[in-house]
There are 2 protein chains.
Amino acid sequence: MDENQNPSPRARRKEDARERILQAARRIVLDEGFAALTMRRIAQQAGYSPAALYLHFECREAIARELGEAGMRSLHARLSEAGCEADPLARLRALSRAYVQFAREEPETYRLIFMEPGFAASALGGKDETGAAAFALLAGVFAELAAARRLRAGAQPESLATGLWVLLHGLASLKITCSAFLSAPEEELLAGMLDNLLHGVLRAAPES
Amino acid sequence: MDENQNPSPRARRKEDARERILQAARRIVLDEGFAALTMRRIAQQAGYSPAALYLHFECREAIARELGEAGMRSLHARLSEAGCEADPLARLRALSRAYVQFAREEPETYRLIFMEPGFAASALGGKDETGAAAFALLAGVFAELAAARRLRAGAQPESLATGLWVLLHGLASLKITCSAFLSAPEEELLAGMLDNLLHGVLRAAPES
DNA sequence: TTTAGTTTATGAACATCGTTCAGTGAACAG
DNA sequence: CTGTTCACTGAACGATGTTCATAAACTAAA
């Protein structure tokens, strides 16, 4: 089909409208939170009638889903940026910091991706390649450590990567829903947890 | 004031009504999920008119909050049951298993307590003693380990307890919102993560 | 340009949501 | 028995997601 090889003014304006609606929705989530993401509110912000949104999106959830996918791309970009550290241990710490930093700076986006029912399930479990790519960044660290024989016997890289994600998500989501509970600064908590993880997982005793 | 030292039939029936409403709400959350917790649905299930609920509760969120507190008591009870293990390491594993098991068996209750905005914050950060008691069960393990000098130098019991909660919550909540992502069985994942944690935290190398 | 057809946008409406309120009957106190 | 309080209801208000008939705007063919 016509991918983008002949952007007729029709299709162009339609794509513009879609993008403007998404932009309005993104702004609402950032400024007023996910709970404020209302069809009427989006329409008002985008300069449309509420009914007009249904010409470009199937339903409210479709908009939220697309917003979640964009958020996942944003998270992946941040992780990619942190993933250029050469040393795997430094990279692991950089990736972890970038992850919780994303959740801290855009809590409503993080909630939309990972804490609302029906989004994360399709984003990570389904065919979304961005989620898989983000996970691969974490898995790469442990794969590299395993290749260098720096993991203790019996440690499986994939399980470790999953465990790291569990840890990061636990910290990020608890900070969002239950910030009063995490008494210590999360950066400090994160550093301590990573230290524990590495102490338990690495073969030798690498300083830092 | 009159705590319960003169249960006039008036107050008794009022308390009964409250309890019946809560019971109906609990059933709805368990059977149809938290999203289905509607005032009209609760009223119908309890045999009341929707408006009648406001004679016993301030608003929908008040009902949900009370349900969340009851859920927290239930979680605390489960943890208490698992907390009678004498050996601290075995107790840690039992507590962890009980935690994720609760989240697996009552995911909607767990979501209500820890994943919805405005509940966990008040339950754990505020003056809710049940949440603090539940956390104390985890902290007790590490306090005991510290007293027996089985923790590695520099390991702070309180931080370790928080870290364990982070880990458990990460596993429980990812299982709920993103079950497709956790490929390995969660029991297996939990065991591996606990092993890593202990390997990194304990002084000697205790088998099992 | 005129005409026919498709696309885009709207306003009104429906069902459902949380919540409020005037009114109704029953249970209580004197 | 009487007057008052209490538990409860039906109807309503505003807001939600969504649909539909209708109108305006743009596109393509005559």
Side-chain angles (χ1 to χ4, degrees), chain A residues 1-2 4-26 28-29 31-68 108 112 116-119, chain B residues 1-2 6-26 28-29 31-68 108 112 116-119:
Chain A
M1 331 310 177
D2 51 300
N4 57 1
Q5 61 178 357
N6 199 10
S8 79
R10 268 289 235 273
R12 212 188 75 86
R13 268 179 309 182
K14 185 153 181 84
E15 192 53 39
D16 279 3
R18 260 186 73 96
E19 203 48 54
R20 188 165 60 200
I21 292 171
L22 282 177
Q23 189 64 29
R26 191 172 296 120
I28 292 170
V29 168
D31 291 355
E32 313 167 36
F34 176 64
L37 192 68
T38 291
M39 294 303 265
R40 287 173 168 85
R41 184 85 191 73
I42 299 173
Q44 171 199 347
Q45 178 89 16
Y48 279 119
S49 141
L53 304 188
Y54 291 88
L55 300 181
H56 304 279
F57 297 90
E58 193 192 354
C59 59
R60 185 189 106 108
E61 192 165 315
I63 297 181
R65 200 179 319 126
E66 205 128 340
L67 234 54
E108 294 294 333
L112 172 54
E116 290 296 322
F119 293 96
Chain B
M1 323 313 177
D2 50 301
N6 200 11
S8 77
R10 271 286 235 269
R12 213 189 76 86
R13 268 179 309 181
K14 187 153 180 83
E15 192 53 38
D16 278 3
R18 259 186 74 97
E19 203 48 54
R20 188 166 59 199
I21 292 171
L22 281 177
Q23 190 63 29
R26 191 171 297 119
I28 291 171
V29 168
D31 291 356
E32 312 167 36
F34 176 64
L37 192 69
T38 291
M39 293 304 265
R40 288 175 166 84
R41 185 83 191 74
I42 299 173
Q44 171 200 347
Q45 179 88 15
Y48 279 119
S49 142
L53 304 189
Y54 292 88
L55 301 181
H56 304 278
F57 297 90
E58 193 192 354
C59 59
R60 186 190 105 108
E61 192 164 315
I63 297 180
R65 197 179 322 126
E66 206 129 339
L67 233 54
E108 294 293 335
L112 172 53
E116 290 296 322
F119 293 97

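Predicted, not measured: the structure shown is a model, and the values here were computed from it. Residue numbers start from 1 in every chain, and the chains themselves are labelled A, B, ... in the order their sequence lines are given, proteins ahead of strands.
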What are the two closest heavy atoms between [X] and [Y], and how far apart are they?
X	Y	value
B:A17	B:H56	CB-CE1, 3.4 Å
B:C59	B:Y54	CA-CE2, 4.1 Å
B:R41	B:I28	CG-CD1, 3.5 Å
A:P50	A:R40	CG-CG, 3.8 Å
A:A25	A:L37	O-CD1, 3.6 Å

Check: Atom CD of A:E15 and atom P of C:dT7: how far apart are they, to the nearest Å?
Finding: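 Atom-to-atom, A:E15 to C:dT7, this comes out as 16 Å.
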
Notebook entry, point to check: For the pair made of CD1 in A:I21 and P in C:dT8, what is the distance, rounded to whole Å?
Noted result: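 Answer to the nearest Å: 11 Å.
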
Next item on the list: Would you give a per-nucleotide map of nucleotides 9-17 of chain C, 5' to 3', where B means the base has a protein non-hydrogen atom under 4.0 Å away, S means only the sugar-phosphate does, and - means neither?
Entry: BBB-B---B

Margin query: Need two values: the first and the last nucleotide of DNA chain D, 5' to 3', having an atom under 4.0 Å from any heavy-atom of chain A.
Written below: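 With heavy atoms of chain A under 4.0 Å away, the range is D:dT16 to D:dT27.
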
Notebook entry, point to check: Distance under 6.0 Å and angle within 45° of the ring axis: does B:R18 meet both against B:Y48?
Noted result: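 No cation-pi geometry.
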
Checklist line | Cation-pi, B:F34 ring and B:R60 (6.0 angstrom, 45 degrees) | finding: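 Judged by the rule, B:R60 and B:F34 form a cation-pi pair.
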
Note to self: C:dT7, OP1 or OP2 - any side-chain N/O from A:K14 closer than 4.0 Å?
What the structure shows: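 For C:dT7, OP1/OP2 do not have a side-chain N/O of A:K14 under 4.0 Å.
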
Item checked: Nearest-nucleotide comparison on DNA chain C, the residue closer to the 5′ end among A:R13 and B:R13 ->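 Counting from the 5' end, the first nearest nucleotide belongs to A:R13.
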
Next item on the list: Among B:R20, B:R12, B:R13, find the residue that satisfies the salt bridge (charged side-chain N to carboxylate O under 4.0 Å, His left out) test when tested with B:D16.
Entry: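 The single option meeting the salt bridge (charged side-chain N to carboxylate O under 4.0 Å, His left out) with B:D16 is B:R12.
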
Notebook entry, point to check: Given side chains that start at C-beta, do those of B:T38 and B:Q44 come closer than 4.5 Å, heavy atoms only?
Noted result: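 Contact flag for B:T38/B:Q44 side chains = no.
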
Next item on the list: Five pairs at each end of the helix from C:dT1-D:dA30 to C:dG30-D:dC1: take the axis at both ends and give me the angle between them to 10°.
Entry: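 The two end axes of the helix from C:dT1-D:dA30 to C:dG30-D:dC1 meet at 10°.
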
Next item on the list: Assess the side chains of B:R26 and B:Q23: does a donor N or O sit below 3.5 Å from an acceptor N or O?
Entry: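 Yes, B:Q23 and B:R26 have a side-chain donor paired with an acceptor closer than 3.5 Å.
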
